[in-house]
Amino acid sequence: MSDYNKEEIRRIEEKWRNEWKKRQVYKVQSGASKKPKYYVLDMFPYPSGAGLHVGHPLGYIASDIVARFKRLKGFHVLHPMGFDAFGLPAEQYAIEHGIHPAKSTAQNIENFIRQMDKIGFCYDWSLEVRTCDPAYYKWTQWIFLQIFDSWFNRKNNKADRIAGLARIFETEGNANHLFPNLKYKLPGSNETVFTAADWKKYDERTRQEILMQYRLAYLAYTDVNWCEALGTVLANDEVINGVSYRGGFPVVKKQMRQWSLRITEFAERLLKGLDEIDFSDSMKDIQRNWIGKSTGAKVTFKIGSEKSKVADMMVFTTRPETIFGVDFMVVAPEHEMVKDITSESQRKAIEKYLAYVESRSEIDRMAEVKKITGEFTGAYAINPFDGREIPIWISEYVLAGYGTGAIMAVPCGDERDHKFAKHFNLPITNIIGSYYNGKEANPTYDAVLENSDFLNGLQMKEAIPEVVNKLEKLGIGQRQVNYKMRDAGWSRQRYWGEPFPVIYRDDMPYAMDEKDLPLELPDSNYFRPSGTGEGPLANLKDWIRINDHERRDSNTMPTHAGAAWYFLRFTDPHNKEKFASREALDYWGQVDVYIGGAEHAVAHLLYARLWVKILHDLGYLNFDEPFKKLINQGKITGDSRYVYRVRGTHKFVSAGLKDRYETDPLHVDVNIVNGLELNLEAFTQWKPDFANAEFILEEGQYICGSAIEKMSKSYFNVVNPDDIIDSYGADTLRMYEMFLGPLEQSKPWNTNGIDGVFKFLRKFWNLYHDQKGNVSVSGEGPTREELKVLHKTIKKIESDVDNFSFNTSVSELMICVNELTSLKTNKRAILEPLVISLAPFAPHMAEELWEKLGHSETILNASFPEYKEEYLKENSFEYPISINGKVRAKMAFALDMPKEDIEKVVLASEIVNKWSEGKPPKKIIVVQGRIVNVVL
RNA sequence: GCCAAAGUGGCGGAACUGGUAGACGCGCACGACUCAAAAUCGUGUAUCUUCGGAUGUGAGGGUUCGAUUCCCUCCUUUGGUACCA
């Protein structure tokens, strides 16, 4: 007897897990193959201690289906898995429990692999990488050094070796390659340009200082997000609404000497690259938004003030055509000119305002963005065109870090400027006529300019080039592009990360020798940050200090580092000479499809794209975008359950009656709730606190409240895939997760429909077995009807998998099985191709059936059946309509004409009647050979 | 506030470039099997209906012979972003 029941499922799945391992069926053949390649990759997980919940495998199942499908279609498939194993949680865990991150991480990985194997993924585990493995991070460090050893050459728009730049300086100075960071001044001077002769005079230290301003990985004092509670610096994307992404602790600005990656130089290429790659529109939008390109002009205003020593003031504006509407200027409080331009009479007020700004934390600023504050400096700028004197204010709504840190305020056109003007009662010049109503600013581009001197009568759109040309001609302005994106902070004050492979001499970092890599993370039990801003490694004095003149960096890299290139390592993960061989990189090339969560839109994906671009420029890769196509699987949320405790008692009241009491909601473990009904006995045993709980029931039941929240241990709403596999098997889990809905959509987990999927698999199984449970397929030739069902299914599955529409392909398989069941099909010619099309979805069952059909090789080596269009066509006849003996039209009808078609024939005769009455119909709408409408 | 995506039965969701809305599954109802229940199998299941039909894809309008699909306005939800000049 071999019914498809729990024991049988367990036997089959266990059997094939072992067989697959034993036969090494997933082993990727190294070296180029004649077959076309296909690289399908999951975003590798951080191995958290909580293990996998049912949400994690969603993307992995999808990629597994694609990998198996592509293999059956004759592709040479690379489908690896690894672990993003450095990271803060392991370090936090170490601080709390004294267990070394290396140890807890290794344990967690083991658990992840166990769970993944149970789902039947076709990973070649011999390719596994872990970012925390010295053999891996040796190359993370090596790539970092390549970045450190590069600069961005704006002349050819690519990364070049820094040695080349030094040669340029030696022969021509830096006149042709001004500092990317325009604020940088030469040591001991106010100049930014030096000659070849100057360069030759500089000492080594100065030269390195200058080169540092060009390196793509550079060290600088930067304002960083300092989180006191975590004792570390956070990247911009780890700070949300002024608090830390993890833990929600307050974050303040602090100046520290940090590594940064000069990603801003690549802003334009990162933007352009989006046009060539297949990411969803929303993903591209998020990246475009993050990069934040805006085009405008830089304009210089002369300053007239009580003191005349002051230099010019530069502003950035996207609306240079509004220059005659400038009623005041605003500069950031941190702007370097504030001190110089402030008049004596305003000095006190300004100092007071600066103190106020200083006192405001990041959170205050975030929380009160609408609050209008500012102070007049006493200084005036001169409008270069009409000589008007414009008061200069300072205000925190102008950011020091963007543009020039100063703006020209046009209150009639800009909402913020308008509010500022109203608040401080500043006069407002209207340059857009009726477009401005006096109450709110209008940022239109359509207005015809007024009060605008030589721009009068021009539409704003036309006026922009006009005014920019004039500015350029007068030498007081120029076209300018600005980006919101900042350079990426690359230092973390943490233990559990890659050490920076540099040695400091005289406070200047020098690359370590390649042969000395990896610079291993020293073994330590001091994980606690020093609290001064330095990381835990600073505690290891012997490691930090090499000798009297040399020391190491106490920071480590962010987790983004290991993740920025792991997809390259997978092509050749055991290479000891290179980060991957050129042959492997050239063969596997770009990732054909990358599946992962949308939450990595701005950090991981941008850094990965950056690293690939740099490696490409330096000649290590022949492509400069890592991922051809990106699929973002939706999050699976948890469906939490609540009980309501009457305040101050042991009484729990059912949800329907809770409003009659004063209650506190408590999360309750979803596993002791059936639907919404609480299992009272299980509840009293769940926690000691609840042992003597009393219940206020409605209709004899305790009904829980519910809410959709993220799956989390603390909400007790986590569903473990292991449990589902225990009761239904991995094949059902796989198909059910796909069946839940569109892959890219977020959805709550519920098991309501899982029986349907399970029943389908049993029906499928039964197709191949007779009443006694023996495999029985007949060699008879299939009927046309059977062939139609089969080929329809193959066609649908093929197009669905290509479109990542797995929920509909599961439906299609269900329809197919229903139809074949009612046709009582047991023919090999139908069932053999059908089981192949099931294989990507339910590999265990497919493999078992395949073997039972008499095949000794794995089903993975079969080939996916081709569908034949001829079986999909309807049998049809053409029906001619003749008027006065002349054939005027032909209509096609199916032989097995359904009722609706008969109605169409009736309709047709109506047409004939109308026609013969001398009133031809206005229109006959025929779609696919059928009349769908007649307009009389 | 701005940007993007999405709103379809009791529920999850189908419907390819405009062409029979509600596939498939869950749930529910009825039936078969059973002493009975569970499991299983079968049938039905948008709403209203005077059983002729009528109405239906967030709301309102438009284009079209024909709109879930395209356009405009509004509402709601989700994601991103936040004084970026």
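In the text below, chain A, chain B and the rest are named by the order of the sequence lines, each starting its count at 1. These values consider heavy atoms only, across backbone and side chains, with no hydrogens, waters or symmetry-generated copies.
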Checklist entry - Are a donor atom and an acceptor atom from the side chains of A:Asp417 and A:Tyr397 found within less than 3.5 Å of each other? => result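 There is such a pair between these side chains.
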Sugar-phosphate, base or nothing in reach of [X], heavy atoms under 4.0 Å:
| X | answer |
| --- | --- |
| A:Leu399 | base |
| A:Pro742 | sugar-phosphate |
| A:Glu415 | nothing |
| A:Val398 | base |
| A:Asn750 | nothing |

Using a cut-off of strictly less than 4.0 Å, decide whether [X] has a side-chain nitrogen or oxygen near OP1 or OP2 of [N].
| X | N | value |
| --- | --- | --- |
| A:Lys635 | B:rG79 | no |
| A:Tyr402 | B:rA85 | yes |
| A:Gln745 | B:rG12 | no |
| A:Asn807 | B:rA14 | yes |
| A:Arg288 | B:rU81 | no |
| A:Ser294 | B:rA85 | yes |
| A:Asn5 | B:rA39 | no |

What integer number of Å spans the [atom1] atoms of [N] and [M]?
| N | M | atom1 | value |
| --- | --- | --- | --- |
| B:rU17 | B:rU68 | C1' | 15 Å |
| B:rU49 | B:rG44 | P | 23 Å |
| B:rC28 | B:rA37 | P | 16 Å |

Of the listed nucleotides [options], the one nearest the side chain of [X]:
| X | options | result |
| --- | --- | --- |
| A:Ile407 | B:rA85, B:rC26, B:rG80 | B:rA85 |
| A:Glu396 | B:rC83, B:rA4, B:rA82 | B:rC83 |
| A:Met814 | B:rG25, B:rA14, B:rG80 | B:rG25 |
| A:Lys763 | B:rC26, B:rC41, B:rA82 | B:rC41 |

Tell me: [atom1] of [X] to [atom2] of [N], nearest whole Å?
| X | N | atom1 | atom2 | value |
| --- | --- | --- | --- | --- |
| A:Glu819 | B:rG42 | CD | P | 13 Å |
| A:Lys824 | B:rG42 | NZ | C1' | 11 Å |
| A:Arg762 | B:rG25 | CZ | P | 14 Å |

Checklist entry - Any idea how A:Tyr4 and A:Trp765 line up, ring-wise: parallel (<30°), tilted (30 to 60°), or perpendicular (>60°)? => result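 Correct class here is tilted.
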Checklist entry - Would you call the rings of A:His600 and A:His604 parallel, tilted or perpendicular if under 30° counts as parallel and over 60° as perpendicular? => result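 Taking A:His604 first and then A:His600, their aromatic rings stand perpendicular (interplane angle over 60°).
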Checklist entry - Is there a Watson-Crick or G-U wobble partner for B:rA23 with both distances under 3.5 Å, and if so, which one is it? => result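 Its partner: none found.
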Next on the checklist: Reading RNA chain B from 5' onward, which residue's closest nucleotide shows up sooner: A:Asp281 or A:Tyr483?
Outcome noted: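 Its nearest nucleotide being more 5', the pick is A:Asp281.
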Item to check | Note: A:Lys824-A:Asp770 ion pair, threshold 4.0 Å (strictly below) | outcome: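 Salt bridge absent between A:Lys824 and A:Asp770.
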Next on the checklist: Donor-acceptor check, side chain of A:Arg609 to backbone of A:Leu270, threshold 3.5 angstrom: yes or no?
Outcome noted: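 Yes; judged by distance alone, with no hydrogens or angles, the pair exists.
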Item to check | Glycosidic conformation of B:rG9, taking syn as within 90° of 0 and anti otherwise | outcome: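 B:rG9: syn.
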Next on the checklist: Need the glycosidic conformation of B:rG53: syn if within 90° of 0, anti if not. Which one?
Outcome noted: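 It is anti.
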Next on the checklist: If you take the centroid of each ring, where Trp contributes its six-membered ring, are A:Phe760 and A:Phe739 closer together than 6.0 Å?
Outcome noted: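 Between A:Phe760 and A:Phe739, which both carry aromatic rings, the centre distance is not below 6.0 Å.
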